[in-house]
Novice: 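Below you'll find the structure I mean.
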Amino acid sequence: MEKLILIDGNSIAYRAFFALPLLSNSSGLHTNAVFGFTTMLLKLIEEQKPTHFLVAFDAGKATFRHEGYKEYKGGREKTPPELSEQFPLIKELIQSFSINQYELAGYEADDIIGTMTRMADERGLDVIVVSGDKDMLQLASDRVTIALTRKGISEVDLYTPQAIQDKYGLVPKQIIDLKGLMGDASDNIPGIPGVGEKTALKLLHQYSSVEEVLAKADEITGKMQEKIKQHADDARMSKELATIFREVPMELQLDELSYNGYEGPTLGAMFRKLEFKSLLEKMDLSGGEPAVETSIEVEIVGRESLAALTDAFTGVTAVHIEVIGENPHVSEIIGLAFSTAEGANRFVPAELLHIPEAGRLRDWLADDNAPKIVYDMHRTEVGLHWKGVPLRGVSFDVLIAAYLLDPTESTHTLSELAGRYKLPVIALDENVYGKGAKFKVPEADVLSKHLARKADLLRRLVPVLQDELDNNEMHRLYYELEFPLARVLASMEKQGIRANADGLKQLGGELGQTIEKLVDGIYKAAGSEFNLNSPKQLGEILFDKLGLPVVKKTKTGYSTDAEVLEKLAPYNEVVSSILIYRQLAKLQSTYVEGLLKEIRGETGKVHTYYQQTIAATGRLSSQFPNLQNIPVRLEEGRKIRKVFVASEPDWLILAADYSQIELRVLAHISGDEKLKEAFRNDMDVHTKTAMDVFGVSEADVDANMRRQAKAVNFGIVYGISDYGLSQNLNITRKEAAQFIEQYFAVFQGVRHYMDDIVRQARTNGYVTTLLQRRRYLPEINASNFNLRSFAERTAMNSPIQGSAADIIKLAMVQLAERMAKEKVRSRMLLQVHDELVFEVPQDELELMKQLVPEVMESALALDVPLKVDVNYGDNWYEAK
DNA sequence: ATGCTCACG
DNA sequence: ACGTACGTGAGCATC
């Protein structure tokens, strides 16, 4: 069976461009549209297996349509330069795929495609037309299917004549009539004013064509009749403009479009040029330049030579210990590889680590004076810990350096770092181990080489990364903050925090009963039973069955989030029950059941894992379980905190949190006098903001004024926009804009900071925190409003959030040192962005109550004081 | 795998 | 006109 694919090149390029974030390669060339185009081509080739293929493009500006109607496609936004520059690349890409492309002066891609479908139809070929433009539907026939891109570009909807009938109740030819009546703003086709899709469809279902509608206009009632008569000519012309011309005088014959697939090396070369690394690896496009691994020498160490192994480790040795599994607290170690300063590589199978002959190796791993280079010390240390092997003496962690050099990169795998720093290629773990259910540890010959390559790469990366850190003035950030912090985190996690399982179970039982009653009531009120956890089913009940007004939609259907439900509560009592159900169900599934699963039977403790190299701002994140989002705002949820207790009898939980750290940081970096004054006088900053913005005395600030001022302060920290503030305060955008203006009139230093930081981002391409942590913002100069605005808000927020992260991390490192020096038994257990949680013996309470805030407050000297509140009790709930 | 919802700072 | 507040992780349903 022969099959022809016809692609509307311009349309797909546009879709791809707007669907994907602005990727760019190392020379700054944007490639997102090219990338989207590539994935679409790959998918079509694989899934459709075309025998014939053509990509058609619009040629030049003027087409025959402009002869009759000069304003055709007028008023359209100019093509963004970031997209224009990609068209030559897209054309080159198509060539690399060995796919035919065609354009003809005076005609649009539609017309070329229309003509081709006619020819193919006559010849009996099956055709798929790929476009983002609904006009194409007019071409559908028994042999011609139209694939329209859905949201994004990876998904398409297929339209056969039947599908068009089902969706619009029209035959394909009537799509032109539809356009004739409703017009098309994007092509500047007028149609009949006031006629949208709904009306146009109604008219066509009755009269079948534009001509009939115009002829029978007298039958139509009301204002519509007048409009139709008045704009009859517009409708006729619109229909004509929307009609795809299917007789383009082309030289091109069908036979010339035959497609025999692409040549791997040619496509590979193009992907390398575009720096599509993930595709290169996934598709294994060898040939051309060698993107393959070079050979490597590695000695597989056996039982007999194990004892002498460490004799070779005289200088700084690179060690890679492969810890398998996402959670290092429950992981397997499958092998160890070593690369000496002289470049000799050794591999030790994991099972040898525990035999007596490995004694010297274990000592070496634990030796503070045996310098080691590793990838992800924190994870490795935790993984080894549960196998009873300590890790000490690490002198450099490649992962942390890579993260600091660009915290926005989604991953910093060794394979990716090799590419990023132009070092010898190594395979993806996925390709060596397989993934998901297919995961399998390979034989020693394969595994030893893979891990030796990693160790070898570590050694080569260190000087490069050290240079880069120095260039970026990140020496202090690395050596005084992030690197020592990794050990502090590992120690906190190994320690774990005790969670009372019985308490949780009791809480769960109570919740279960309340939830059961709620659910019964909700089903009764709804008149049927359904899955309350399904937003889809809930939406059908609320909006279709009960007929409540639709407030907000998601891309897949009705929105039923809390904001929507609050608005619906006055219409139907069941809605407030649903809100309560949601709240309790969350507590039950995430916090009661979820937490219970994470408690270790032997110790009754949970051991979270802090990710140090994920958040773009420099914050930590917490997993397995996440202990940074334990409920606190509502009393019902807050009770969960009662189960977090000290792990020794009579010890206490002590919590210390920074008061308003982000606004204090803002006061410092903006230098705003008013804001500094507020903190120097230790005022309530939201009240002070209300006083200044509303121009009233402290006594006259009511609760509502303070609430609004608080929202403005939050907004300022987030990178304010009138829209965001208006949503938060439920006020109009204009009012929000006025608030912001009043705020800036008072806090002029803050306004200057906001302007200046965005300017800095534009000039440098990045913004920095107090300790020189960097965040790159490539989209700060984008022509797309949304992308650019997002980057601007990020530029305002990141230095604030990131500097606050710098400060608490610094405090953690200093506290760990002080606590060791003072030889306290107290332990640091948790960090929650602006809060540290400890367990302390009674006899150290007074010391810790004094020491903790002292260190936290003096971690970094600012122009305003830092303030820390300390609380303690038998559990985390009481420590408030 | 992806989207929705919701917990935290 | 556009449509978003900044940063995360987990559970569940659905595809």
Side-chain angles (χ1 to χ4, degrees), chain A residues 18 75 77 151-152 154-155 185 326 407-408 436 530-539 552-565 578-579 582-595 597-598 608-611 614-634 636-638 640-641 657-658 660-662 711-712 714-729 733 736 740 775 783-802 804-805 808 830-835:
Chain A
F18 288 108
E77 285 276 329
K151 291 254 164 170
S154 49
E155 302 271 319
E326 271 205 293
T408 45
F530 60 100
N531 186 346
L532 245 179
N533 289 328
S534 160
K536 190 166 166 248
Q537 294 182 33
L538 178 60
K552 190 165 69 167
K553 286 197 155 194
T554 67
K555 51 177 133 179
T556 51
Y558 306 121
S559 169
T560 66
D561 65 20
E563 191 191 325
V564 170
L565 295 183
I578 295 171
L579 275 165
R582 278 256 176 93
Q583 190 201 331
L584 301 183
K586 176 85 175 176
L587 291 178
Q588 183 78 302
S589 68
T590 305
Y591 296 104
V592 174
E593 292 165 5
L595 214 46
K597 282 185 214 147
E598 299 288 346
T608 190
Y609 177 60
Y610 288 105
Q611 285 281 7
I614 292 283
T617 52
R619 277 189 174 184
L620 299 175
S621 77
S622 156
Q623 293 174 307
F624 321 123
N626 182 351
L627 294 182
Q628 289 182 321
N629 70 348
I630 302 300
V632 68
R633 291 172 190 167
L634 301 174
E636 294 91 324
R638 195 171 190 154
I640 298 278
R641 297 189 168 219
D657 66 292
Y658 281 109
Q660 303 294 352
I661 189 168
E662 291 189 337
V712 173
F714 267 96
I716 292 291
V717 168
Y718 291 155
I720 198 141
S721 73
D722 47 9
Y723 180 84
L725 184 65
S726 73
Q727 290 294 302
N728 194 290
L729 282 178
R733 213 167 129 158
I740 295 169
R775 175 159 185 186
S783 63
N784 180 308
F785 174 86
N786 280 331
L787 292 178
R788 191 177 62 247
S789 305
F790 189 25
E792 287 169 358
R793 290 195 300 274
T794 312
M796 300 181 224
N797 169 267
S798 287
I800 301 172
Q801 197 184 109
I808 191 165
L830 302 177
Q831 189 252 40
V832 193
H833 309 306
D834 63 356
E835 173 185 14

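Computed from a predicted structure; not experimentally measured. By convention in this document, chain letters (A, B, ...) are assigned in the order of the sequence lines, proteins followed by strands, and residues within each chain are numbered from 1.
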Novice: Can you confirm whether the side chains of A:Gln628 and A:Ser622 place a donor and an acceptor under 3.5 Å from each other?
Specialist: no
Novice: Rounded to whole angstroms, how far apart are CZ on A:Phe790 and P on C:dG7?
Specialist: 4 Å
Novice: Quick one: closest heavy-atom pair of A:Gln801 and A:Thr617, and the distance?
Specialist: OE1-OG1, 2.8 Å
Novice: Counting side-chain heavy atoms from C-beta on, which of C:dT4, C:dG9, C:dG7 comes nearest to A:Arg793?
Specialist: C:dT4
Novice: With a cut-off of less than 4.0 Å, is there a side-chain N or O of A:Ser798 near OP1 or OP2 of C:dC6?
Specialist: no
Novice: Considering non-hydrogen atoms only, spot the tightest contact between A:Leu587 and A:Ile640 and give its length.
Specialist: CD2-CG1, 4.4 Å
Novice: Side-chain N or O of A:Ser559 versus OP1/OP2 of B:dT5: is the shortest distance under 4.0 Å?
Specialist: yes
Novice: A:Ile630 near the nucleic acid: base, sugar-phosphate alone, or nothing, with a heavy-atom cut-off under 4.0 Å?
Specialist: sugar-phosphate
Novice: For A:Asn629 and C:dA10, is the shortest distance between a side-chain N/O and OP1 or OP2 below 4.0 Å?
Specialist: no
Novice: Quick check on B:dG9: is either OP1 or OP2 less than 4.0 Å from any side-chain nitrogen or oxygen of A:Arg633?
Specialist: yes
Novice: If each of A:Leu620 and A:Ser589 is mapped to the nucleotide of DNA chain C with the nearest heavy atom, which maps nearer the 5' terminus, i.e. the 5' end?
Specialist: A:Leu620
Novice: State, without any angle test, whether A:Arg733 and A:Ser726 hold a side-chain donor-acceptor pair at a distance under 3.5 Å.
Specialist: no
Novice: Is a donor on one side and an acceptor on the other found under 3.5 Å between the side chain of A:Arg641 and the backbone of A:Pro631?
Specialist: yes
Novice: Once you apply a heavy-atom cut-off of 4.0 Å, does A:Ala562 come out as touching a base, just sugar-phosphate, or nothing?
Specialist: sugar-phosphate
Novice: Between B:dC8 and C:dG3, how many Å separate the two C1' atoms, rounded to a whole number?
Specialist: 26 Å
Novice: Measuring to OP1 and OP2 of B:dC6, would you say a side-chain N or O of A:Arg582 lies under 4.0 angstrom away?
Specialist: yes
Novice: So which nucleotide from C:dT4, C:dC2, C:dG7 ends up closest to the side chain of A:Arg619?
Specialist: C:dG7
Novice: Ignoring backbone atoms, establish whether A:Ser622 has a side-chain N or O less than 4.0 Å from OP1 or OP2 of C:dT8.
Specialist: no
Novice: Within the distance-only criterion (no hydrogens, no angle test), does the side chain of A:Thr608 pair as donor or acceptor with the backbone N or O of A:Pro625 below 3.5 angstrom?
Specialist: yes
Novice: Taking only the P atom of each, what is the distance from C:dA5 to B:dC4 in whole angstrom?
Specialist: 13 Å
Novice: Take atom CG of A:Leu830 and atom C1' of B:dG9, then tell me their distance rounded to the nearest Å.
Specialist: 14 Å
Novice: A:Asn728 near the nucleic acid: base, sugar-phosphate alone, or nothing, with a heavy-atom cut-off under 4.0 Å?
Specialist: base
Novice: Provide, to the nearest angstrom, the distance between the OH atom belonging to A:Tyr610 and the P atom belonging to C:dG9.
Specialist: 13 Å
Novice: P atom, C:dT4 versus B:dG3: distance in rounded Å?
Specialist: 15 Å
Novice: If we call it a pair only when both distances are under 3.5 Å in a Watson-Crick or G-U wobble match, what pairs with C:dC2?
Specialist: none
Novice: Can you check the A:Lys536 NZ to B:dT5 C1' distance for me, whole Å?
Specialist: 17 Å
Novice: Take the protein atom CG of A:Asn626 and the nucleotide atom P of B:dT5, then report the distance between them rounded to whole Å.
Specialist: 20 Å
Novice: Whole-Å distance between B:dG9 P and A:Gln628 CD?
Specialist: 10 Å
Novice: Measure from the ring centre of A:Tyr718 to the centre of the six-membered ring in the base of C:dC6, then say whether that distance is under 5.5 Å and the planes meet at under 30°.
Specialist: yes
Novice: Need one value for A:Gln537: base, sugar-phosphate or nothing, where a base atom within 4.0 Å counts as base even if backbone is also close, heavy atoms only.
Specialist: sugar-phosphate
Novice: In this structure, how many angstroms lie between the P atom of C:dG7 and the CG atom of A:Asp834, rounded?
Specialist: 18 Å
Novice: So do the side chains of A:Leu725 and A:Tyr718 get within less than 4.5 Å of each other, counting heavy atoms only?
Specialist: no
Novice: Closest approach to the side chain of A:Gln801, judged atom by atom: which nucleotide of B:dG9, C:dA10, B:dT5 is it?
Specialist: B:dG9
Novice: Does A:Thr590 place a side-chain N or O at less than 4.0 Å from the phosphate oxygens OP1/OP2 of B:dA7?
Specialist: no
Novice: How many Å lie between CD on A:Glu835 and P on C:dG7, as a whole number?
Specialist: 22 Å
Novice: Do any side-chain nitrogens or oxygens of A:Lys597 fall under 4.0 Å of OP1 or OP2 in C:dA10?
Specialist: no
Novice: Would you say C:dA13 has OP1 or OP2 under 4.0 Å from some side-chain N or O of A:Asn533?
Specialist: yes
